[in-house]
Amino acid sequence: MDRTALGDAHALDDAVPDIYWRQLPPATERTWFDAPSGRLAHIALGSVDDPRVVLVPGATGSKEDFVLMLPLLAAAGFRVESYDLAGQYESADAGPWNLDPPHTRYDERLFLDDLLAVLDAGDGPAHVLGYSFAGTLAELALLERPDRFASITLLSAPPEPGQAFRSIKRIGPLSAVTPPRVGAGLMLWGIRNNLNKVPPGRIAFVRERFALTRRESVDDIIGLMMRTPDVRADLAAAPVPKLVAVGEHDLWPTELHRRFARRIGARFVVYPTGHSPCETAPHQLVRDMLALFAEADGAR
């Protein structure tokens, strides 16, 4: 499938129904990946001989956040993979106690080493998408191991370094005096109570997922986002093709994302949706990722 097979991606996205989010697309492989932090729940779709696409979810998320994208990317000729971060959903048993030597927190190195292990498990470079917090992880992985990246897509990722929440809409100023655990609690409360008005099938799955996700992993991720590293100059110097993709109703103002994309030399796209274009604009996002992949192929 090429880009034209997506037709009017906007119309296709408008027609996406509420789905049962636990149900994976036909032929999806469900496995476990042995990472440094423990066993990670992992899925893959597509031929093992095809180029790899690795989709990494963010805080409180999971591999299921990409179920609408999996068949589109596989049909375009890619081997698409995703996994739950340590402490999140079905990777709840992965954590700092499994490291050698053990760590006390879900720290940046834990998540980064897990991602690098997933990338090292395949042949050749992969097209990597990092969603929200995982956007920062993908940036750090690219700078540490550029040989593992064919392209990078930053989906709704923090656009500014430091205290990432200081510029989010409405409650940004309060984040300066909010400890990570309190900030995580507020975020979880908002998600559980469906403040974003997601469809019934989606909120049912999200609430079910919370029953497995370890609260301390969420607290630690929020703490890491309050100390987002400034790697913008290094990203700008990295020759790999880059895409910054966001919804116009994202947590952070569109202009901050636009400025970030310009600073690092990335393509920039905005969709008429919120923080989760992977759920609400999958056809448009895949269309733009395929254009990025074509750019990467042309650069080789």
Side-chain angles (χ1 to χ4, degrees), residues 1-10 12-13 51-58 65-66 68-69 72-73 76-78 80 119 125-143 146-161 164 167 228 230-300:
M1 182 183 74
D2 60 22
R3 291 177 65 205
T4 59
L6 289 172
D8 186 343
H10 194 297
L12 290 170
D13 288 334
R52 296 173 78 205
V53 179
V54 178
L55 310 174
V56 191
D65 294 342
F66 306 111
L68 295 173
M69 298 173 61
L72 302 177
L73 289 164
F78 293 90
V80 57
L119 295 178
H127 299 284
V128 180
L129 177 149
Y131 175 25
S132 197
F133 164 69
T136 302
L137 292 180
E139 295 167 14
L140 295 172
L142 168 63
L143 297 179
D147 59 302
R148 305 311 300 170
F149 283 73
S151 72
I152 185 170
T153 298
L154 303 173
L155 178 64
S156 307
E160 291 186 308
S167 52
T228 299
D230 187 356
V231 295
R232 291 172 295 182
D234 293 328
L235 286 175
V240 64
K242 314 172 192 78
L243 172 67
V244 171
V246 301
E248 63 185 16
H249 306 297
D250 189 44
L251 300 175
W252 291 279
T254 300
E255 184 52 37
L256 289 183
H257 288 298
R258 190 187 315 275
R259 194 181 308 160
F260 172 61
R262 189 183 307 120
R263 175 78 179 271
I264 67 172
R267 296 181 178 212
F268 181 62
V269 291
V270 183
Y271 309 116
T273 182
H275 187 62
S276 305
C278 50
E279 302 165 23
T280 54
H283 296 86
Q284 296 170 78
L285 177 55
V286 168
R287 175 200 62 198
D288 295 329
M289 290 177 68
L290 292 178
L292 184 74
F293 299 171
E295 178 187 340
D297 289 341
R300 290 177 190 166

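If you read the sequence from its start, that first residue is 1, and numbering goes on from there. In this text, all values refer to a predicted model and were calculated from it rather than measured experimentally. Every heavy atom of this structure was used, including side-chain atoms; hydrogens, water molecules and symmetry mates were not.
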Applying side chain to side chain contact (heavy atoms under 4.5 Å, CB included), can you list everything that pairs with A281, at least two apart in sequence or on another chain? D13, Y271, T273, P277, Q284
Contacts of R232 that satisfy side-chain hydrogen bond (donor to acceptor under 3.5 Å, both in side chains) - sequence neighbours left out: D230
State which residues pass ring-ring contact (aromatic ring centres under 6.0 Å, His included) with Y131; sequence neighbours excluded, sorted by chain then number. H275
Residues at least two apart in sequence or cross-chain that pass side chain to side chain contact (heavy atoms under 4.5 Å, CB included) with A266, listed by chain then number, are K242, V244, A261, I264
Is any side-chain heavy atom of H10 less than 4.5 Å from a side-chain heavy atom of P272? yes
Sequence neighbours left out, what passes salt bridge (Lys or Arg N to Asp or Glu O under 4.0 Å) with R262? Give chain and number order. none
Which heavy-atom pair separates L119 from A126 by the least distance, and what is that distance? CD2-CB, 4.2 Å
Which atoms form the tightest heavy-atom contact between P158 and A164, and what is the distance? CB-CB, 4.0 Å
Side chains of D65 and S276: closer than 4.5 Å at any heavy-atom pair? no
Mind listing the closest non-hydrogen atom pair of A134 and V56 along with its distance? CB-O, 3.4 Å
Sequence neighbours excluded, the answer for side-chain hydrogen bond (donor to acceptor under 3.5 Å, both in side chains) partners of R263 is none
What residues, two or more places apart in sequence or in another chain, satisfy salt bridge (Lys or Arg N to Asp or Glu O under 4.0 Å) together with E279? R202
Flag side-chain contact, heavy atom, 4.5 Å: L154 against T136: no
Looking at residues at least two apart in the chain, or sitting in another chain, which of them share a side chain to side chain contact (heavy atoms under 4.5 Å, CB included) with P159? W252, L256, H257, F260
Of all residues at least two apart in sequence or in a different chain, which pass the side-chain hydrogen bond (donor to acceptor under 3.5 Å, both in side chains) check with T228? none
Shortest non-hydrogen contact from I152 toward L292: O-CD2, 3.7 Å
For the student: nearest non-hydrogen atoms of A150 and V240, plus distance: O-CG2, 3.3 Å
4.5 Å side-chain heavy-atom contact, F78 and P51: yes
Indicate the atoms forming the closest heavy-atom contact of T254 with G247, along with that distance. OG1-O, 4.4 Å
Straight-line distance of L243 CG to M289 CE, nearest 0.5 Å: 7.5 Å
Output for pair (D147 CG, L142 CG), nearest 0.5 Å, gives 10.0 Å
Report the residues that fulfil side-chain hydrogen bond (donor to acceptor under 3.5 Å, both in side chains) with R267, sequence neighbours left out, ordered by chain and then residue number. E295
Do the non-hydrogen side-chain atoms of V53 and L129 ever get within less than 4.5 Å of each other? no
Does C278 reach the side chain of L285, with side-chain heavy atoms less than 4.5 Å apart? yes
Please enumerate all residues that pass ring-ring contact (aromatic ring centres under 6.0 Å, His included) together with F133, with sequence neighbours excluded. F111
From F149 atom CZ to E139 atom CD, the distance as rounded to the nearest 0.5 Å: 9.5 Å
